[in-house]
Amino acid sequence: GLLPRAVVLMQPSKNRAEPSMKQDTAHISTVIPERMRAVLLRGHGDISQLELRDDVPVPRPGPGEVLIRVSAAGVNNTDIAVRTAWYAGSVQGADTGAGQALWTGSAMAFPRIQGADACGRVVATGPGVAASRIGERVLVEPIFRSQQPDGTWQFDYFGSECDGAFAEFTVAPSVHA
């Protein structure tokens with residue numbers, strides 16, 4: 001089943017060199033590897049579209065973001081609905097094409113790291129985020145909201161419109177972690 005693999009995924013890898021992340025744009029608390037294990041969604045469909053990889057680049061926190069070492073991730077109904085393209089009004093059953101299968105109605109970008117429910121520890125901060133956040137235990141609020149220049153709001157769903165928690169590391173806006 002998926003749950004035992006998810007638990008194994010979160011165990012630290014012992015067979016890789018772990019070079020440090022460069023400190024030019026982030027505050028760092030620990031040695032962070034260049035590559036990580038993650039489950040990639042390759043297209044819409046059944047669980048055969050999920051691929052466990054150990055060569056995925058560790059994300060870098062951008063402005064206003066934190067890098068989180070994932071401690072646990074749960075399978076949310078949104079993870080299943082996005083994988084099967086359930087949110088796409090025009091899709092009948094499983095579909096390996098992108099379609100409009102996201103909450104926002106936009107096309108899904110593949111590969112995608114899913115995982116809407118996550119907890120972990122902040123291990124690095126991007127520009128504009130206090131280094132004092134490093135070491136904090138966090139839960140990720142999965143709906144990222146940001147006000148646009150025209151006053152409207154944009155909503156992105158963690159693990160759907162952006163990469164999520166089915167990985168050893170993930171990034172999230174600091175205000176949502």
Side-chain angles (χ1 to χ4, degrees), residues 1-11 13 21 32-120 122-124 126 138-146 153-177:
L2 289 177
L3 292 181
R5 287 185 185 172
V7 171
V8 170
L9 180 67
M10 297 307 126
Q11 294 175 351
S13 175
M21 178 183 285
I32 298 170
E34 293 292 323
R35 304 262 176 217
M36 66 180 179
R37 278 180 287 175
V39 176
L40 299 179
L41 177 64
R42 297 180 315 207
H44 294 300
D46 63 18
I47 62 170
S48 68
Q49 292 295 328
L50 299 171
E51 179 183 8
L52 178 61
R53 303 276 304 267
D54 65 0
D55 62 349
V56 178
V58 172
R60 308 276 193 232
E65 293 180 332
V66 293
L67 177 67
I68 300 164
R69 180 182 299 269
V70 176
S71 298
V75 178
N76 183 295
N77 65 319
T78 295
D79 298 317
I80 297 166
V82 167
R83 178 180 45 80
T84 61
W86 187 82
Y87 294 130
S90 62
V91 174
Q92 303 296 318
D95 175 9
T96 57
Q100 292 184 348
L102 301 175
W103 283 77
T104 60
S106 59
M108 182 86 177
F110 296 109
R112 169 70 66 218
I113 299 171
Q114 291 191 284
D117 293 331
C119 67
V122 174
V123 294
V138 295
L139 292 171
V140 178
E141 178 185 17
I143 299 175
F144 301 161
R145 63 196 180 287
S146 58
W153 289 88
Q154 177 179 329
F155 297 91
D156 291 318
Y157 202 87
F158 187 57
S160 178
E161 281 83 7
C162 62
D163 284 339
F166 293 163
E168 292 177 296
F169 294 89
T170 190
V171 293
S174 179
V175 298
H176 296 287

Inter-residue atom distance [X].[atom1] - [Y].[atom2], 0.5 Å rounding:
X: Asp163; Y: Gln114; atom1: CG; atom2: CD; value: 10.0 Å
X: Arg112; Y: Arg42; atom1: CZ; atom2: CZ; value: 16.0 Å
X: Leu139; Y: Ile68; atom1: CG; atom2: CD1; value: 9.5 Å
X: Leu41; Y: Ile113; atom1: CG; atom2: CD1; value: 10.5 Å
X: Glu168; Y: Ile32; atom1: CD; atom2: CD1; value: 12.0 Å
X: Phe158; Y: His176; atom1: CZ; atom2: NE2; value: 11.5 Å

Looking at [X] and [Y], what are the two nearest heavy atoms and their distance?
X: Pro59; Y: Leu67; answer: O-CD1, 3.5 Å
X: Val70; Y: Ala165; answer: CG1-O, 3.7 Å
X: Ala81; Y: Thr84; answer: O-OG1, 3.4 Å
X: Val56; Y: Ala38; answer: CG2-CB, 4.0 Å
X: Met36; Y: Pro57; answer: CE-O, 3.7 Å
X: Arg35; Y: Asp54; answer: CB-O, 4.2 Å

Main chain of [Y], side chain of [X]: is a donor-acceptor contact present, judged purely on distance under 3.5 Å?
X: Asp79; Y: Gly115; answer: yes
X: Gln49; Y: Gly43; answer: yes
X: Arg83; Y: Gly45; answer: yes

4.5 Å side-chain heavy-atom contact, Phe166 and Leu50: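 They are not in contact (no side-chain heavy atoms under 4.5 Å apart), so the answer is no.
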Close side-chain approach of Tyr157 and Asn76, heavy atoms under 4.5 Å: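 In short, these two side chains touch, coming nearer than 4.5 Å.
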Whether Phe110 and His44 hold their rings parallel, tilted or perpendicular, with breakpoints at 30° and 60°: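 Correct class here is perpendicular.
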Under-4.0 Å salt bridge between Glu34 and Arg60: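 Salt bridge flag = yes for Arg60 with Glu34.
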